[in-house]
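Below is one structure; the comments refer to it alone.
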Amino acid sequence: MSLTHSAQSTASRTANSRWLETLARIGFIGYGIVHLLFAWLALQIAFGKSSDDGDQSGALRTLAAQPMGKFLVVAIAVGLLAMAIWQGLEAAVGHRAERGGERVVERAASAGRTVVYLYFAWTAWKVFSDAGSNSADKQEALTGELMTSSGGRWLVGLAGLGLAAIGAGLVVYGLVKRFEKHLKTGEMDARTRKLARRLGMAGYVAKGASYAIAGILVIVAAVNYDPEKARGLDAALRALREQSYGTILLTLVALGIAAFGAFCFLQSRYRKV
């Protein structure tokens with residue numbers, strides 16, 4: 001047996017292990033809680049009542065401040081780390097049911113999810129250890145530093161373009177209901193399938209819109225040399241609030257993000273892991 005084949009076999013066994021599946025399903029519950037809190041912060045911003053970051057790190061800090069909150073933040077970090085390991089293995093050796101270009105796309109998507117889940121696991125750990133400062137401030141500071149370096153504004157602009165593209169991709173992903181192929185729809189009754197479809201569509205469209213706006217703001221920051229606009233999702237939500245009918249639009253986005261949180265709970269039961 002070749003070394004490569006042996007490594008793939010080991011990775012496949014790990015990906016199919018019961019403990020990893022259990023932790024990943026717990027991770028979906030934690031991911032859902034984070035997005036419900038994120039939605040709550042977005043609502044607070046919509047009505048001008050929020051002083052914390054309107055993003056996932058702000059949601060984790062909100063959770064950590066509650067009784068038993070730090071324990072829950074650690075549990076979420078462990079679950080998200082398990083999700084990152086699972087998706088990393090999927091990127092390396094998974095999606096064998098797909099063929100050709102489709103498998104390449106799915107493995108690339110899994111690689112992207114791995115980065116996202118690792119980032120949020122790291123963020124949860126930083127919140128638990130009280131080492132995480134305001135994430136919007138950190139992004140603004142990093143953007144400012146990049147802009148002072150040679151070619152830095154181009155890098156910031158490209159990062160914004162990539163973020164906007166991810167947001168557009170999430171919107172399309174939701175609208176075409178591509179998420180359904182990853183669910184055990186055969187185990188759902190008609191009502192649950194309908195609920196999963198609606199929550200998934202609303203959730204992915206709302207998240208995608210938020211990321212797209214954040215990406216556009218980063219691009220604007222690079223063009224105008226204005227790091228204050230490059231504050232991630234927090235800036236995107238606050239910018240949306242300032243538009244005509246901003247409160248209504250941001251409320252709809254918040255409801256969509258809450259729908260994604262609820263969809264994560266369904267995924268903890270029906271996601272193919």
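Values reported hereafter were calculated over all heavy atoms of this structure, with side chains retained and with hydrogens, waters and symmetry mates removed.
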Given Tyr117, which of Tyr31, Trp86, Trp122 fulfils the ring-ring contact (aromatic ring centres under 6.0 Å, His included) condition?
->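 That would be Tyr31.
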
Salt bridge check: are [X] and [Y] linked by an N-O gap of less than 4.0 Å?
{"X": "Arg18", "Y": "Glu21", "result": "yes"}
{"X": "Glu102", "Y": "Arg107", "result": "no"}
{"X": "Arg193", "Y": "Glu187", "result": "no"}

Check: [Y] main-chain N/O paired with [X] side-chain donor or acceptor under 3.5 Å:
{"X": "Thr114", "Y": "Ser110", "result": "yes"}
{"X": "Thr185", "Y": "Lys181", "result": "no"}
{"X": "Ser268", "Y": "Ile29", "result": "no"}

CA sep, side-chain torsions, deciding dist, call: Leu20, Leu89, side-chain contact (heavy atoms from CB on, under 4.5 Å) | CA-CA 11 Å; Leu20 184 60; Leu89 291 169; 4.1 Å; yes

When clusters are formed by joining ILVMFWY residues with side-chain heavy atoms under 4.5 Å apart, either directly or through shared neighbours, do [X] and [Y] land in the same one?
{"X": "Leu175", "Y": "Tyr211", "result": "no"}
{"X": "Leu72", "Y": "Phe38", "result": "yes"}
{"X": "Val73", "Y": "Ile33", "result": "yes"}
{"X": "Val115", "Y": "Met83", "result": "no"}
{"X": "Leu43", "Y": "Tyr245", "result": "no"}

Starting from the C-alpha separation in whole Å, work towards a yes-or-no answer on side-chain contact (heavy atoms from CB on, under 4.5 Å) for Arg271 and His182.
-> CA-CA 6 Å; Arg271 176 71 186 234; His182 298 296; 3.6 Å; yes

side-chain contact (heavy atoms from CB on, under 4.5 Å) between Leu183 and Phe263, worked out | CA-CA 11 Å; Leu183 299 176; Phe263 179 67; 4.0 Å; yes

Shortest non-hydrogen contact between [X] and [Y], atoms and distance:
{"X": "Arg197", "Y": "Phe179", "value": "O-CZ, 3.5 Å"}
{"X": "Ala24", "Y": "Ala82", "value": "N-CB, 3.9 Å"}
{"X": "Ala39", "Y": "Ala254", "value": "CB-O, 3.2 Å"}
{"X": "Val127", "Y": "Ala64", "value": "CG1-CB, 3.8 Å"}
{"X": "Ala262", "Y": "Leu199", "value": "CB-CD1, 3.9 Å"}
{"X": "Ser210", "Y": "Val253", "value": "OG-CG1, 3.4 Å"}

Go through the steps for Phe120 and Val34 under the test side-chain contact (heavy atoms from CB on, under 4.5 Å), then give the verdict.
-> CA-CA 10 Å; Phe120 287 126; Val34 170; 5.8 Å; no

Would you indicate whether Lys194, at its atom NZ, is surrounded by more than 12 heavy atoms from other residues, nucleotides or ligands within a distance under 6.0 Å?
-> no

Just so I know, are the side chains of [X] and [Y] near enough to count as touching, which here means a heavy-atom distance under 4.5 Å?
{"X": "Val171", "Y": "Tyr204", "answer": "no"}
{"X": "Tyr270", "Y": "Thr192", "answer": "yes"}
{"X": "Leu36", "Y": "Trp40", "answer": "no"}
{"X": "Val176", "Y": "Val172", "answer": "yes"}

Could I get the full list of side-chain hydrogen bond (donor to acceptor under 3.5 Å, both in side chains) partners for Thr251, not counting sequence neighbours?
-> none

Between Phe260 and Lys207, is there a cation-pi geometry (under 6.0 Å to ring centre, at most 45° from the normal)?
->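 Yes, a cation-pi geometry.
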
